[in-house]
Undergrad: 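Could you have a look at this structure, given as structure tokens, before my questions?
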Amino acid sequence: MSSLLVDNIGELVTNGAGEGPLGIRRNAAVLVEEGRVVWVGPSPYAPAADRRLDAGGAAVLPGFVDSHAHLVFAGDRAAEFAARMAGQPYTGGGIRTTVGATRAATDNELRATVRRLRGEALRQGTTTMEIKSGYGLTVADEARSLRIAAESSTETTFLGAHVVPAEYADRPDDYVSLVCGPMLAAATPYAKWVDVFCERGAFDVDHARAILACGQAAGLGVRIHANQLGPGAGVRLGVELDAASVDHCTHLSDADVDALAGTAHSDGSGTRTVATLLPGAEFSTRSPYPDARRLLDAGVTVALATDCNPGSSYTSSMPFCVALAVREMRMTPAEAVWAATAGGARALRRDDIGVLTPGARADLVVLDAPSYLHLAYRPGVPLIRQVMRNGVTP
């Protein structure tokens, strides 16, 4: 059994026991065996190991956990982005443009896009990435999207209810029946989660409830796109159905915040339903940012994710989202880093990632900086020196 010691760490973010909310340890070391963390402690007292990685006094943190991404698609929507920057509002209607391109693409073309974007994200420190379907919207295309997604991630989400495709525009009830029936059956072998875009212009709360309930009955966990474009019942529906995560949360009422806060664990460890915020979408659509401070002050667990997709947030960079969260959503640097690591893990109901504690997966990032603070302090700078996933450097 080979072992690896990562030592001479100037500042180690553990998200466990240690200093402050990030569980920071100074002059620290991490021992890895068989892809898992087996020891964390002061560098001078580190056990012997077969191999050694000298962090050179830099900061080390858990790999980022991106719990919301749409990577299976073809084409791009750069012209749509340019139009928005010229003043055209975002409505979500451009999704159908991507649907057409995705249906026309070959498996290998879709696979190449997923691998390219997954590689981009990994180089920027993302060691776990959820991947959704949602640009096929036929039984065959949703199944192949998830099959391709599953080649790059175990966190795959069936989003057949992204929008109603053009051929069902006048028959939304029929499309919901298709999603709940043959499409779900074809998707389930490749999916861990079910999701719905519960929004004006997409699916109303009754259709969303029906689809999510069918997904639950098929053994899938629940996630939901909610309250992005305006107020609505999506967040409270997510709480009702014990969703792991309600995503976007841009337009929240007091009742929405209270519903999320009401899912708090009795041990004070946060809420069972996580609010996943996607600041890349607000940046790319020139929309108001979610009020993360309001959620945090209410005791709601918050995650950050990229929402990587070709229309409303074409970024794979979690460091960029951390910087946006600090600058635009009133999060502290520590809150943003926690949300991008442990928070993302909570949104996936995982406790083996997003932390660097004994028993966790050895996913870690060495920064080219002395502190995690530099992720927000130096936005846009390539600060990821080295990435390790499952104890291996990719």
Side-chain angles (χ1 to χ4, degrees), residues 68-85 88-105 109-110 113-114 117 130-146 148-149 156-172 174-176 178-179 183 187 191 193-205 207-208 211-212 223-230 232 234 246-251 276 278 280-287 305-316:
H68 184 126
H70 307 250
L71 305 189
V72 190
F73 64 86
D76 73 31
R77 281 150 59 190
E80 177 189 317
F81 173 78
R84 281 201 304 274
M85 296 305 102
Q88 180 176 308
Y90 176 70
T91 64
I95 292 169
R96 291 189 178 91
T97 301
T98 301
V99 169
T102 302
R103 288 177 175 179
E109 287 169 338
L110 296 179
T113 297
V114 173
L117 293 171
E130 182 257 18
I131 303 176
K132 302 179 190 294
S133 66
Y135 291 121
L137 309 187
T138 69
V139 172
D141 284 307
E142 284 296 296
R144 75 161 177 157
S145 292
L146 286 160
I148 289 168
T156 53
T157 299
F158 169 48
L159 185 58
H162 201 178
V163 294
V164 176
E167 62 269 28
Y168 282 89
D170 298 324
R171 298 179 292 134
D174 289 346
Y175 185 68
V176 170
L178 178 71
V179 172
M183 193 180 288
W193 304 95
V194 61
D195 196 347
V196 173
F197 188 23
C198 183
E199 196 65 68
R200 66 175 186 262
F203 295 87
D204 64 25
V205 68
H207 282 159
I211 292 164
L212 294 173
R223 326 184 69 72
I224 185 170
H225 288 59
N227 299 57
Q228 177 188 7
L229 303 180
V246 292
D247 298 24
H248 286 291
C249 296
T250 310
H251 300 274
T276 298
L278 310 167
E282 279 71 42
F283 177 88
S284 297
T285 59
R286 200 172 275 162
S287 301
T306 63
D307 193 17
C308 183
N309 76 82
S312 61
S313 185
Y314 202 6
T315 180
S316 57

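We're numbering straight along the sequence, starting at 1.
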Undergrad: For Leu117 and Phe73: C-alpha separation, side-chain torsions, deciding distance, then whether side-chain contact (heavy atoms from CB on, under 4.5 Å) applies.
TA: CA-CA 11 Å; Leu117 293 171; Phe73 64 86; 3.6 Å; yes

Undergrad: Regarding His70 and Asp307, is there a side-chain donor-to-acceptor distance under 3.5 Å anywhere?
TA: yes

Undergrad: Are Arg103 and Val99 close enough that some pair of their side-chain heavy atoms sits under 4.5 Å apart?
TA: yes

Undergrad: Rounded to the nearest 0.5 Å, what separation is found between the NZ atom of Lys132 and the CZ atom of Phe158?
TA: 12.5 Å

Undergrad: Mind checking whether His162 and His225 have parallel, tilted or perpendicular rings, split at 30° and 60°?
TA: tilted

Undergrad: Working to the nearest 0.5 Å, report the span between CG of Asn309 and OG1 of Thr315.
TA: 10.5 Å

Undergrad: Taking all non-hydrogen atoms of both residues, which atom of Gly75 and which atom of Pro310 are closest, and how far apart?
TA: O-CB, 4.3 Å

Undergrad: Is there a side-chain contact between Tyr175 and His207 in this structure, where contact means two heavy atoms from C-beta onward sitting under 4.5 Å apart?
TA: no

Undergrad: Under a 3.5 Å cutoff, is there a donor and acceptor pairing between the side chains of His248 and His68?
TA: no

Undergrad: Might you work through the side-chain contact (heavy atoms from CB on, under 4.5 Å) test for Phe81 and Asp76, ending with a clear yes or no?
TA: CA-CA 10 Å; Phe81 173 78; Asp76 73 31; over 6 Å; no

Undergrad: If you measure only the distance, is there a donor-acceptor pair under 3.5 Å linking the side chains of Glu282 and Thr250?
TA: yes

Undergrad: Keeping Thr102 on the side-chain end and Ala74 on the backbone end, is there a donor-acceptor pair under 3.5 Å?
TA: yes

Undergrad: Do you know which two heavy atoms are closest between Ala281 and Ser313, and how far apart they sit?
TA: N-OG, 3.5 Å

Undergrad: Flag the pair Ile131 / Val72 as yes when at least one side-chain heavy-atom distance between them is below 4.5 Å, and no otherwise.
TA: yes

Undergrad: Taking the six-membered ring of Tyr168, is the NZ or CZ of Arg171 close enough (under 6.0 Å from the centre) and on axis enough (within 45°)?
TA: yes

Undergrad: Counting N and O atoms only, with roles assigned by atom type, does the side chain of Ser133 sit under 3.5 Å from a partner on the main chain of Leu159, one being a donor and the other an acceptor?
TA: yes

Undergrad: If you measure from CG on Leu229 to SG on Cys198, what distance do you get to the nearest 0.5 Å?
TA: 11.0 Å

Undergrad: Looking only at heavy atoms, which two atoms of Val196 and Ala208 are closest? And how far apart?
TA: CG1-CB, 3.7 Å

Undergrad: So, for Ala305 and Thr276, which heavy atoms are closest and what is the spacing to 0.1 Å?
TA: CB-CG2, 3.9 Å

Undergrad: Evaluate Val163 against Leu137 for side-chain contact (heavy atoms from CB on, under 4.5 Å), listing each step before the verdict.
TA: CA-CA 8 Å; Val163 294; Leu137 309 187; 3.8 Å; yes

Undergrad: Which heavy atom of Ala191 sits nearest to which heavy atom of Thr156, and what is that distance?
TA: CA-OG1, 3.3 Å

Undergrad: A side-chain contact here means heavy atoms from C-beta on lying under 4.5 Å apart; do Ser287 and Gln228 qualify?
TA: no

Undergrad: Using a 3.5 Å distance criterion without hydrogens, assess whether the side chain of Arg96 forms a donor-acceptor pair with backbone atoms of Val164.
TA: yes

Undergrad: Mind checking the CD-OG1 spacing from Glu167 to Thr138? Nearest 0.5 Å is all I need.
TA: 8.0 Å

Undergrad: Nearest 0.5 angstrom please: Thr306 OG1 to Leu71 CG, how far?
TA: 7.5 Å

Undergrad: Are Ile95 and Phe197 close enough that some pair of their side-chain heavy atoms sits under 4.5 Å apart?
TA: yes

Undergrad: Which atom pair, heavy atoms only, marks the closest approach of Asp141 to Arg144?
TA: OD1-NE, 3.1 Å

Undergrad: So does Phe283 have more than 12 non-hydrogen atoms from other groups sitting under 6.0 Å from CZ?
TA: no

Undergrad: Going from SG on Cys249 to CD1 on Ile224, what distance comes out if it is rounded to the nearest 0.5 angstrom?
TA: 10.0 Å

